[in-house]
2 protein chains.
Amino acid sequence: MHMGDADIAVVAALMGEPARAKVLMALLDGRALAASTLAAEAGVAPSTLSAHLARLVDGNLISVEVSGRNRYFRITRPAVAEALEALARLAPTQPIRSLRQGTHAEAIRRARTCYDHLAGRLGVELLDTLVNSELLVVERSQDAISDPVLGAGRIQRYTLTSAGKRRLADLGVVLDPSSRRPLTRYCLDWSEQRAHLGGALGAALLTRLIELGWLNRCDRRIIKVSNAGRDGLAAEFGIILGP
Amino acid sequence: MHMGDADIAVVAALMGEPARAKVLMALLDGRALAASTLAAEAGVAPSTLSAHLARLVDGNLISVEVSGRNRYFRITRPAVAEALEALARLAPTQPIRSLRQGTHAEAIRRARTCYDHLAGRLGVELLDTLVNSELLVVERSQDAISDPVLGAGRIQRYTLTSAGKRRLADLGVVLDPSSRRPLTRYCLDWSEQRAHLGGALGAALLTRLIELGWLNRCDRRIIKVSNAGRDGLAAEFGIILGP
DNA sequence: ATTACCATTCGTCGAACAACGAAGTATACT
DNA sequence: AGTATACTTCGTTGTTCGACGAATGGTAAT
């Protein structure tokens with residue numbers, strides 16, 4: 001009747017279907033997955049999933065990359081991942097059935113990927129450390145650039161200090177200067193209820209830590225810390241992880 | 001098959017129906033509205049809306065307060081409002097049809113309520129000012145209290161300095177010490193792409209500014225600044241508003 | 001070239017669900 | 001008391017939409 005509110009309904013309906021929701025959650029690690037993989041993940045026939053994927057693409061939540069006879073899908077922009085996490089915070093955590101689920105839930109709270117960067121307890125600890133040792137400083141009261149296409153989700157940023165730049169370069173973290181993606185970004189954690197580091201820097205840091213062999217991906221979103229990683233994180237950042 | 005992820009689907013489906021979405025958006029100002037009001041807002045028959053409201057209550061997104069023969073519905077917890085705003089950031093802003101819609105959209109970006117506190121350009125400015133004049137300081141690297149029932153949405157907090165306490169007391173802002181609600185909370189703004197002040201303090205501040213006659217509510221979510229408010233905000237906080 | 005594989009389109013079936021009006025149950029007004 | 005108002009429950013109708021298998025168009029392997 002009167003107002004110019006965005007209609008939540010269409011986008012929420014896209015996420016409100018079980019198969020599509022499973023797809024989106026599977027893509028939450030930021031990687032691109034093939035349609036067949038996603039079909040198995042969602043537990044429906046390929047033909048069924050194809051229709052779902054088409055709707056998600058049409059709704060601009062995911063995008064396609066064709067590679068040979070495969071089609072890989074990934075989440076288009078961070079704002080999508082953020083909305084998913086916001087919904088996950090709301091959703092009732094279903095009761096733990098098996099011991100495996102219990103340990104899985106514990107592991108995912110300890111350290112996981114969120115879109116393409118580090119989340120969970122480790123992600124939060126790491127951000128805190130970077131800020132406390134003044135490698136990052138909070139950038140406040142500066143006008144945000146509003147990019148309706150790409151950057152609708154970015155809200156609060158940090159800037160890298162010169163000490164931070166040096167330290168990360170020493171560690172071997174490489175940033176792509178041509179990327180239009182904001183360097184850092186708040187990302188809100190559903191398990192820790194606090195912020196962790198997103199943005200291009202968060203992504204590059206995760207990549208490097210895996211490269212160094214400090215972290216390993218297993219079971220999609222879960223991250224495991226190696227012995228080298230335990231030592232390295234303690235030496236480099238003073239992060240002592242729980243048992 | 002394997003994991004303990006929260007199922008986004010059920011909660012997203014609740015928001016994914018046009019009538020229910022309209023209801024939730026109407027309730028985003030934090031006030032409790034009667035069922036008949038909401039029926040008019042959603043544009044469906046009372047009997048239809050009754051079913052929708054029942055489902056929303058069952059899904060723990062809204063709660064009821066009975067008052068005589070009326071039933072008032074409101075959003076249960078801040079996390080719900082946050083998820084709605086996250087979705088609004090994602091949703092395509094539908095094209096402006098009329099001039100009235102244009103001015104309405106401009107007004108809602110200027111200053112509005114979000115749940116029960118101040119948002120929009122004014123809300124963001126106010127938070128910045130409070131932080132810059134060190135009435136609030138960012139509270140970092142402290143373990144968050146995880147309250148699965150009420151406080152699932154709180155992420156990052158500020159603490160009120162002693163100067164801040166004095167200043168706000170002088171202004172006549174009263175806080176209910178018995179409330180279990182966190183004093184401050186980040187809340188992310190879909191129009192400004194930056195944070196504004198939520199939590200009990202954000203709510204109390206809005207209440208007081210309206211009491212003082214500095215701000216007035218009109219048309220549900222829109223807030224207008226009075227002449228007294230313009231002077232008061234400039235004198236008290238140094239906030240100069242645009243034209 | 002032929003065979004195998006990946007993904008999409010099409011047609012059909014079935015279930016889920018939103019919509020309404022009518023009837024029922026409260027509560028308020030006079 | 002009686003009447004009006006506010007909301008819910010119930011029964012019905014109709015549409016939407018997700019599910020699958022079969023068939024089609026491309027791409028890679030041999």
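Residue numbers begin at 1 in each chain, while the letters A, B, ... track the order of the sequences. When reading the values below, keep in mind they use all heavy atoms of this one structure, side chains included, and skip hydrogens, waters and symmetry mates.
- A salt bridge is absent between A:Glu65 and A:Arg71; no separation between the charged side-chain nitrogens and carboxylate oxygens falls under 4.0 Å.
- Of the possible polar contacts, one joining the A:Arg208 side chain to the A:Leu171 backbone as a donor-acceptor pair under 3.5 Å is found.
- At a threshold of 4.0 angstrom between heavy atoms, the contacts of B:Ala34 are confined to the sugar-phosphate backbone, with no base atom among them.
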Heavy-atom contacts, protein to nucleotides 17-23 of chain C, under 4.0 Å, summarised as B (base), S (sugar-phosphate only) or - (none) per nt, yield -SSBBB-

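- Residues from residues 61-72 of chain B lying near DNA chain C, meaning a heavy-atom separation below 4.0 Å, are B:Gly68, B:Arg69 in numerical order.
- Distance CG/B:Leu126 to CG/B:Leu122: 6.0 Å, rounded to 0.5 Å.
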Quick one: do A:Glu41 and A:Met25 satisfy side-chain contact (heavy atoms from CB on, under 4.5 Å)? Show the steps, please. CA-CA 10 Å; A:Glu41 192 80 22; A:Met25 293 307 279; over 6 Å; no

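- Of the options B:Leu53, B:Leu33, B:Leu61, a side-chain contact (heavy atoms from CB on, under 4.5 Å) to B:Val23 is made by B:Leu53 and by none of the others.
- As rounded to whole Å, 14 Å separates atom P of C:dC6 from atom CG of A:Leu38.
- Between A:Phe73 and A:Ser63 there is no side-chain heavy-atom pair separated by less than 4.5 Å.
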Would A:Asn216 and A:Ile223 count as a side-chain contact (heavy atoms from CB on, under 4.5 Å) here? Give the steps. CA-CA 6 Å; A:Asn216 298 305; A:Ile223 290 282; over 6 Å; no

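- Nearest heavy atom pair, residue A:Leu28 against residue A:Leu84, reads CD1-CD1, 3.6 Å.
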Step-by-step side-chain contact (heavy atoms from CB on, under 4.5 Å) determination, A:Leu27 to A:Leu38: CA-CA 9 Å; A:Leu27 290 174; A:Leu38 291 170; 4.2 Å; yes

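- The footprint of chain B on DNA chain D, defined by a heavy-atom cutoff below 4.0 Å, extends from D:dA4 to D:dT9.
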Let's go through B:Arg20 and B:Met15 carefully: what are the C-alpha distance in whole Å and the side-chain angles of both, what is the deciding distance for side-chain contact (heavy atoms from CB on, under 4.5 Å) to 0.1 Å, and is it a yes or a no? CA-CA 6 Å; B:Arg20 286 196 294 263; B:Met15 298 176 174; over 6 Å; no

